[in-house]
Amino acid sequence: MARPASGRRGMMPLARLIGRLGGLTAVLVGLTLCAIVQQEVTGRPMAQSATQRSAAAVQSHPAARVSGPPGTTPLIDQVQATVTDQWAELVHSAFGVEKVPQPDVHLIWVDQAGGWAFGTCAVPPPPDVDAMPQVSLFVARRTDETWRIGLAGTEDFGRLLRDAPEAVIPAEQRPLLEQYGTAKSGNPPKGLVLPWHAGQSWTVQSLANTSGLRFAGGDGRVLASGPGRVYRLCAHSPGRGMLLLIHPNGTATEYYQVTDLTRVKDGASVRRGEYLGQVSTDRPCGGPSAQGPAAASFTLLSGDGAVSLDGVEIGGWTLHTDGGSFYADRSGMRVESGNPLLNFGTDPGRSSAPRPPAAPAPRSS
C-alpha cells in the first residue's frame, strides 16, 4: 500500500538544499537523506552502536521469553530443576517435607543473545509450616541444549560469576557477590542495628524454626540493618517481593512480609537505616497465610545457608535462640519473645557478663 504523501513533502526542502550545495557537504547530506528514506520506506531504525545493542540485550525478561535455540531447555525450568535437585536435603531439614515445593525464580539481568543470566530463587514453605522461604542467587550460562546453573554456595557459582560479562554482573557488584557465595554461616556481620528506627520499641517473636524473627510496631517502616547491596526475590509486580541485603563481609540480612518496597534497583547500594519497605501481611514467595496484624520477618544468611542468630549482637542487644526459645539481653536486662524490644541503634550496650572493677585513679600529689 502507498504511504501517505506527507512523508514525501517533508523531504522536498532537503532535496532542494542538496541542489544548492556541492562537494563533501552534499555527499554527507545525501547519506543522511538515504538513511531517512530507508527508515521511511522500511520502518526499520538505523543500526545501533555496540553499546546500545549491549544495553538493549541485557534486561529482565518474563520467563516465557528466555530460551535459546530450538531444543534448548527454557531457563526458568532449568533453574527450578537445579534447585529441586540440589536443595532436597536443605528443604527437608528446614520444612520437614520430602518433596521440594516449586521454586520461584526472579530474573534480574539477562543477555539473551550471549546466553547469560543472573537472578534469585526462593523455595516457599508448605502451607502448614510457618518459616522463612529458602532463598539463593544464581548465575546461568547457556550451553548446547541446556543451561548451566550455579547456585550461591557452590563452586559453579564462583566460576560462572568470574566468567560472566560485565553487562550481566557489573564490576562493582562482583566482589560482594563472590564474598556472599563463599561466606560461611559462622561469620555474622558486625555493627548491625534492629531493622526499625532507633528509639522505637517493637514487639519481637521468634519464628517456629528459630532461624528468624518476626517484628511489628512503631511506624511500620522496615529499615536496613547495615550497609550493603540489595536484591529482590519473588518480585513479579512493583512494590512487592522479598529483599536480600548483602553486607560487606558477604553475610546477608533477609526481609520478608514487607510491601511498598524501596525503588532502588537490584544491586544498588543502601546505607544502614535506609528505608526498605513497610510491614504487611503479604507473602509474595508463598507459604502459609499471615496471621495477626501487619509484621515483617527477618533472618541472617550466607552463601551456604542460614546463619544462627544465637549470640548475635544487634541494636544494642545480644540475641539468644538456643534450645528452641528466644530472648534478648543487655546489661542484665532480659526481654522474652513476644515483648517490646527497644532499638538502641549502634549503641553496643554493655556485656551481660560482669566486668572487673576499674583501677582506682591515681591520687594527686
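- Residues M132 and P125 have side chains not in contact (no heavy-atom distance under 4.5 Å, counting atoms from C-beta outward).
- The shortest non-hydrogen separation linking I314 to S225 is CD1-OG, 4.5 Å.
- Counting heavy atoms from C-beta on, the side chains of L207 and S297 come closer than 4.5 Å.
- In this structure the side chain of W109 reaches within 4.5 angstrom of the side chain of P170, judged on heavy atoms.
- For residues 164-182, no residue pair satisfies the salt bridge (Lys or Arg N to Asp or Glu O under 4.0 Å) rule, not counting sequence neighbours.
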Test side-chain contact (heavy atoms from CB on, under 4.5 Å) applied to L151 and W87, step by step: CA-CA 10 Å; L151 300 176; W87 283 11; 3.7 Å; yes

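- Judged purely by distance below 3.5 Å, without hydrogens or angles, the side chains of N343 and H197 never pair a donor atom with an acceptor atom.
- Looking at every heavy atom in both residues, P124 comes nearest to C285 through CB-O, 3.0 Å.
- The two residues L245 and G228 make their nearest non-hydrogen contact at CD1-C, 3.6 Å.
- The aromatic ring centroids of F298 and Y255 lie less than 6.0 Å from each other.
- For the pair G212 and L309, the tightest heavy-atom approach, listed with the atom from each and the gap, is CA-CD1, 4.0 Å.
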CA sep, side-chain torsions, deciding dist, call: D163, W116, side-chain contact (heavy atoms from CB on, under 4.5 Å): CA-CA 10 Å; D163 293 341; W116 285 92; 3.8 Å; yes

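- Remark: the Q78 side chain and the T146 side chain contain an N/O donor-acceptor pair separated by less than 3.5 Å.
- For S93 (side chain) and E89 (main-chain N/O), no donor-acceptor pair under 3.5 Å exists by modelled atom type.
- In this structure, P288 and D128 have side chains that are not in contact, with every pair of non-hydrogen atoms separated by 4.5 Å or more.
- A salt bridge links D130 with R283: the distance from a Lys NZ or Arg NE/NH1/NH2 to an Asp or Glu carboxylate oxygen falls below 4.0 Å.
- Screening Y275, F344, W202 for a ring-ring contact (aromatic ring centres under 6.0 Å, His included) involving W196 leaves a single residue, W202.
- The same ILVMFWY cluster, assembled from side-chain heavy atoms under 4.5 Å apart, contains both V258 and V270.
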Could you check F138 against T120 for side-chain contact (heavy atoms from CB on, under 4.5 Å), going step by step and ending with a plain yes or no? CA-CA 6 Å; F138 72 87; T120 61; 5.7 Å; no

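- Residues V204 and N339 are not in side-chain contact: their nearest non-hydrogen atoms beyond the backbone lie 4.5 Å or more apart.
- Partner of V335 under the side-chain contact (heavy atoms from CB on, under 4.5 Å) criterion, out of Y327, W317, F326: W317 alone.
- With hydrophobic clusters built from ILVMFWY side chains whose heavy atoms lie under 4.5 angstrom apart, L223 does not share a cluster with L261.
- By the rule that hydrophobic residues join a cluster once side-chain heavy atoms approach within less than 4.5 Å of another member, M333 and V193 end up as members of separate clusters.
- Taking 4.5 Å as the limit, some side-chain heavy atom of V123 sits within range of a side-chain heavy atom of V83.
- F118 places a side-chain heavy atom less than 4.5 Å from the side chain of L177.
- The side-chain heavy atoms of L137 and L244, taken from C-beta on, include a pair separated by under 4.5 Å.
- Listed for the H92 side chain is a donor-acceptor partner under 3.5 Å among the backbone atoms of V97.
- Heavy atoms only, all atoms of each residue included: R148 and D156 are closest at NH2-OD1, 3.0 Å.
- Smallest separation of non-hydrogen atoms from A122 and V135: CB-CG1, 3.8 Å.
- The backbone N or O of P103 lies less than 3.5 Å from a partner atom in the side chain of Q80, making a donor-acceptor pair.
- Applying the side-chain hydrogen bond (donor to acceptor under 3.5 Å, both in side chains) test to R229 and every residue at least two apart in sequence or in another chain returns S269.
- Using a 4.0 Å cut-off between a side-chain N of Lys or Arg and a carboxylate O of Asp or Glu, E336 and R334 qualify as a salt bridge.
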Criterion side-chain contact (heavy atoms from CB on, under 4.5 Å) on D266 and R232, from CA distance to verdict: CA-CA 6 Å; D266 285 294; R232 290 169 174 78; 3.5 Å; yes

